[in-house]
Visitor: 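One structure coming up, written as structure tokens, with questions to follow.
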Amino acid sequence: MQYLIRWQGYKPEDDTWEPEENIRDRRIIDDWEKKNSADEATKSTGRGKRGKASSSFAAATKKGFARGLVPERILGASRIVDENGKRTGEEKLYYIIKWINSEQADIVTAEEAKQKCPYLVFKFYEERILPEQETAEERIQSAMEPKINCLRMNKHDIIKNELCYPKSGSHLMMSILDAIGIRRLETLGLKDTVVNSLDQQLAAIRQYEGLVHTNHCHLYPSNFPLGHKGKIVFVERATPAVVVSAYHYLKKLPSMRPYLKKYGINEDLQKFARFMFEGKHYWGSSEEYNKQWREFAEDHPELQIEFFKFGEVMADKPKEISRLLKFLEIENADLAEIVANARKKFYEKELETGEVIEHNGAFYTSAMAGPETLEKLRNADFPENAVTVLGFPKSGSHLMMSILDAIGITRLETLVAKDKHTFHPMEFRPNVAALDDQLAAIREHKGLVHTTHCHVNPGNFPLGHKGKIVFIERDTPAVVVSAFHFFKKLPFMEPYMKKHGIYDDLQTFARFMFEGKQVFGTPEEYNQQWKAFAKEHPELKIEFFKFKEVVADKPKEISRLLKFLEIENADLAKIVEMSDIKKHENIEKKKPKS
């Protein structure tokens, strides 16, 4: 039994016969028959004989989006093997579009629908994920279900897949897979994995002997292929971070602008966030998505799926990458090299030109430091009376330095000539150039000396530091805001920020930082590395402080600092009063210049 379909915008000679089995949702047939008498239905659809179909989609002068109407919903979808009336071409996907204030629907190509009303495309798929929630009115004409719904893959069809709620970290995991050396699907001879059919992609994967990571995936459990015999890497992320990332990303997509504008969430992050938090976005909420997947994984133990959290991956890449390697059954991998390569990918061009340098697992702009200066710092011996404030940039080093001033600890710059010290961090070129003179001055001084503050990663820190190390950490959002305004004031940071498009907008800068693209990495990752390093090197005298705890209870935290520095009988009340950063800055201005 076949149906003769006349496509909107095509001539009668372009009609195509479609077997009944191609229409995988009977609702389109049942709905049509309800609207037409049995005799007329037989005549117009050709049911039982090859008669012409009048089709409920009548021709009009203008077709599809050319009518200038606003799309209301997608009634159905169909894949048709058709090329100029000849059944010799590849399958093409079409959507049946219902318009606002119009009874006449149109059939448009999937490409055009995805470009002009992507929100309806996603809604169409989601309605079929939970059919029991559809109303009778919503159970309208629907042609073939999306091909992925009925797909059941054979063994080894897909070897590895990244899965997550949109903007939860799929690209982070893909960069790690790249660093591990797993082959990307698009490198297997396919010109465009978006254009190539799924069958072509699977054929390419089958022919390759090693692991292949496919295009990332945002499907809900109900649409995911149960025949997936490979590895599934699921990554989830805290909703606030997802919201910020999604807001700026979606605004860049021309296809998403009508949707954002329609719901009034295109110009205000707060409105967009509320829209997302309330689950009104067509993706639903990230919490619900993640919950569904965890429950689905429990119900389907045959699926090989491992769950990761974006924040934990960023905070401790060695640990999480080790877990990933074990899951992928990869042995004898160079973990340190993989961690470094994950960052190298982003700065590949800058590393080639020398604008960015990498040394012992850390990245710097060439204006800040070089391999030779970092190596000199790493091999330096700091005496026991040295006190160094250490932390991720803009985490509170100046707060801790103001407290050291209030305690009465001598600043290094008061012991050396003006040309032998700068207020840049210790690892910057000018300070490293004068490092020998600085260390000599510290050794000659009888009391404690607090050095220039430092932001180096563990791999570049001097293991010969025999003094005290005061580590300060701060919440990432506060770091981001402080860093944005501070970095803009630094002449050597301006070209870097403008090149990466993070100079003019705080939100763009924030997303750049949260995703770990900033040359320093993320505060979480940096702090975790240092805590692990401190455990591995108990000979280092290091004490960890948190910015918010210091600000919230200065007497308690300063008392702990005094104990760490082995200072007794200090006037705590006076130290608390004098440790105000503003007062500290005024005192600095009044100091005589050497």
Visitor: Taking atom types as modelled and ignoring hydrogens, do the side chains of Glu524 and Thr476 form a donor-acceptor contact shorter than 3.5 angstrom?
Guide: yes

Visitor: Got a list of side-chain donor-acceptor pairs under 3.5 Å for residues 267-274, not counting sequence neighbours?
Guide:
residue : atom : partner : partner atom : Å
Asp268  : OD1  : Gln270  : N            : 2.8

Visitor: Taking Glu320 first and then Lys317, would you say they form a salt bridge - that is, a charged N and a carboxylate O separated by under 4.0 Å?
Guide: no

Visitor: Show your working on salt bridge (charged side-chain N to carboxylate O under 4.0 Å, His left out) between Lys499 and Glu350 and close with a plain yes or no.
Guide: CA-CA 11 Å; Lys499 179 175 182 178; Glu350 287 90 341; 3.6 Å; yes

Visitor: Is a side-chain donor or acceptor of Tyr165 paired with a backbone partner of Gly284 at a separation under 3.5 angstrom?
Guide: yes

Visitor: Salt bridge (charged side-chain N to carboxylate O under 4.0 Å, His left out) with Glu236: which of Lys309, Lys167, Arg294?
Guide: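 So the option named by the test is Arg294.
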
Visitor: Begin from the C-alpha positions of Ile472 and Leu390 and carry the test side chain to side chain contact (heavy atoms under 4.5 Å, CB included) through to its verdict.
Guide: CA-CA 6 Å; Ile472 180 74; Leu390 174 68; over 6 Å; no

Visitor: A quick test of your reading: do over 12 heavy atoms of other residues, nucleotides or ligands sit less than 6.0 Å from NZ of Lys291?
Guide: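 Open: at most 12 neighbouring heavy atoms sit under 6.0 Å from NZ of Lys291.
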
Visitor: Flag the pair Glu312 and Lys319 as a salt bridge only when some basic side-chain nitrogen lies within less than 4.0 angstrom of an acidic carboxylate oxygen.
Guide: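 So Glu312 does not pair with Lys319 through a salt bridge.
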
Visitor: Do any N or O atoms from the side chain of Arg257 and from the backbone of Lys251 form a donor-acceptor pair under 3.5 angstrom?
Guide: yes

Visitor: Quick one: pull up CG in Asn457 and CD in Glu427 and give me the separation to the nearest 0.5 Å.
Guide: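 The distance works out to 9.5 Å.
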
Visitor: Can you check side chain to side chain contact (heavy atoms under 4.5 Å, CB included) on Leu351 and Glu358, steps first, answer last?
Guide: CA-CA 8 Å; Leu351 287 167; Glu358 185 271 333; 4.0 Å; yes

Visitor: Counting C-beta onward and ignoring hydrogens, is there a side-chain heavy-atom pair between Leu163 and His216 closer than 4.5 Å?
Guide: no

Visitor: For Ile305 and Ala297, work out which heavy atoms get closest and say how close.
Guide: CG2-CB, 3.7 Å

Visitor: Nearest 0.5 Å, what's the OG1-CZ distance between Thr214 and Arg184?
Guide: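 Going from OG1 on Thr214 over to CZ on Arg184, the span is 10.5 Å.
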
Visitor: Among Trp530, Phe471, Phe533, find the one that has a ring pair (Phe, Tyr, Trp, His ring centres under 6.0 Å) with Phe544.
Guide: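 Going through the options one by one, the only one that passes is Phe471.
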
Visitor: Any heavy-atom pair between the side chains of Phe392 and His455 that's under 4.5 Å?
Guide: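 They are not in side-chain contact.
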
Visitor: Counting only heavy atoms not in Phe492, do more than 12 sit closer than 6.0 Å to its CZ atom?
Guide: yes

Visitor: Identify, with sequence neighbours excluded, every residue that meets salt bridge (charged side-chain N to carboxylate O under 4.0 Å, His left out) alongside Lys98.
Guide: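 For Lys98, the residues satisfying salt bridge (charged side-chain N to carboxylate O under 4.0 Å, His left out) (neighbours in sequence not counted) are Glu72.
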
Visitor: For the residue pair Pro71 and Phe65, what are the closest heavy atoms and their distance?
Guide: CG-CE2, 4.2 Å

Visitor: Atom CD1 in Ile338, atom CG in Asp334: separation rounded to 0.5 Å?
Guide: 7.0 Å

Visitor: Answer whether the closest heavy-atom distance between the side chains of Leu303 and Ile232 falls below 4.5 Å.
Guide: yes

Visitor: Counting distance only, does the side-chain N/O of Tyr526 pair as donor-acceptor with the main-chain N or O of Glu473 below 3.5 Å?
Guide: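 No: the side chain of Tyr526 does not pair with the backbone of Glu473.
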
Visitor: Spell out, as yes or no, whether a donor-acceptor pair under 3.5 Å connects the side chain of Asn460 to the backbone of Val456.
Guide: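 No.
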
Visitor: Can you name the nearest heavy-atom pair linking Ile330 to Ile180, along with the distance?
Guide: CD1-CG2, 3.7 Å

Visitor: If you look at every heavy atom in Ile357 and Ala369, which pair is closest and at what distance?
Guide: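 Heavy atoms of Ile357 and Ala369 come nearest at CG1-O, 3.7 Å.
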
Visitor: To check you understand the geometry: which heavy-atom pair defines the closest contact between Leu219 and Trp293, and what is its length?
Guide: O-NE1, 3.0 Å

Visitor: Judged by atom type as modelled, is there a donor-acceptor pair below 3.5 Å linking the side chain of Tyr263 to the main-chain atoms of His281?
Guide: no

Visitor: Are any side-chain N or O atoms of His453 and backbone N or O atoms of Ser397, one a donor and one an acceptor, separated by less than 3.5 Å?
Guide: no

Visitor: Is any side-chain heavy atom of Pro425 less than 4.5 Å from a side-chain heavy atom of Met368?
Guide: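 In short, these two side chains do not touch, never coming nearer than 4.5 Å.
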
Visitor: In this structure, which one of Phe308, Phe224, Phe307 forms a ring pair (Phe, Tyr, Trp, His ring centres under 6.0 Å) with Phe234?
Guide: Phe307

Visitor: Would you call Glu306 and Lys231 a salt bridge, using N to O less than 4.0 angstrom?
Guide: no

Visitor: With a cut-off of under 6.0 Å to the ring centre and 45° to the axis, is Lys280 in cation-pi contact with Phe275?
Guide: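 That pair does not qualify as a cation-pi contact.
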
Visitor: Check step by step if side chain to side chain contact (heavy atoms under 4.5 Å, CB included) holds for Met493 and Lys488.
Guide: CA-CA 7 Å; Met493 284 297 294; Lys488 290 184 69 173; over 6 Å; no

Visitor: Ignoring hydrogens, what is the shortest heavy-atom contact between Lys489 and Pro491? Give both atom names and the distance.
Guide: O-CD, 3.4 Å

Visitor: Where do Glu355 and Thr365 land on the side-chain hydrogen bond (donor to acceptor under 3.5 Å, both in side chains) test, with the steps shown first?
Guide: CA-CA 6 Å; Glu355 296 173 72; Thr365 64; over 6 Å; no

Visitor: Are the side chain of Asn290 and the backbone of Ser286 linked by a donor-acceptor contact shorter than 3.5 Å?
Guide: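 Yes, because the side chain of Asn290 sits within donor-acceptor range (under 3.5 Å) of the backbone of Ser286.
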
Visitor: Hey, does Ile74 have a side-chain heavy atom less than 4.5 Å from the side chain of Ile97?
Guide: yes

Visitor: Only counting residues at least two apart or in another chain, list the ones meeting ring-ring contact (aromatic ring centres under 6.0 Å, His included) with His359.
Guide: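 Listed in chain order: nothing, the list is empty.
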
Visitor: Has Lys546 got more than 12 heavy atoms of other residues, nucleotides or ligands less than 6.0 Å from its NZ?
Guide: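 No.
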
Visitor: Can you check whether Ala478's main-chain N or O pairs, donor with acceptor, with Asp475's side chain at less than 3.5 Å?
Guide: no

Visitor: Do Leu188 and Leu185 touch side chain to side chain, with heavy atoms closer than 4.5 Å?
Guide: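 Result yes, sub-4.5 Å side-chain heavy-atom pair found.
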
Visitor: Given side chains that start at C-beta, do those of Leu399 and Val550 come closer than 4.5 Å, heavy atoms only?
Guide: yes

Visitor: Could you check whether any side-chain heavy atom of Phe296 comes within less than 4.5 Å of a side-chain heavy atom of Gln292, counting everything from C-beta outward?
Guide: no

Visitor: Return the CD1 to CZ distance between Ile205 and Arg183, rounded to the nearest 0.5 Å.
Guide: 12.0 Å

Visitor: Go through Leu260 and Leu250 one step at a time and tell me if the side chain to side chain contact (heavy atoms under 4.5 Å, CB included) criterion holds.
Guide: CA-CA 8 Å; Leu260 297 175; Leu250 296 180; 4.1 Å; yes

Visitor: Calculate, to the nearest 0.5 Å, the distance between atoms NE2 and SG belonging to His228 and Cys217 respectively.
Guide: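 It comes to 8.0 Å.
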
Visitor: Got a second to check how far Leu490's CG is from Met497's CE, nearest 0.5 Å?
Guide: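 One finds 9.0 Å between CG of Leu490 and CE of Met497.
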
Visitor: Give the ring-plane orientation class for Tyr364 versus Phe520, where under 30° counts as parallel, over 60° as perpendicular and anything between as tilted.
Guide: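 It falls in the perpendicular class, over 60°.
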
Visitor: Angle class for the Phe484/Phe509 ring planes (parallel below 30°, perpendicular above 60°, tilted otherwise)?
Guide: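 Tilted: the ring planes of Phe484 and Phe509 meet at 30° to 60°.
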
Visitor: Between Tyr289 (side chain) and Cys164 (backbone), is there a donor-acceptor pair under 3.5 Å?
Guide: yes

Visitor: Is a side-chain N or O of His300 found less than 3.5 angstrom from the main chain of Glu302, in a donor-acceptor match?
Guide: no

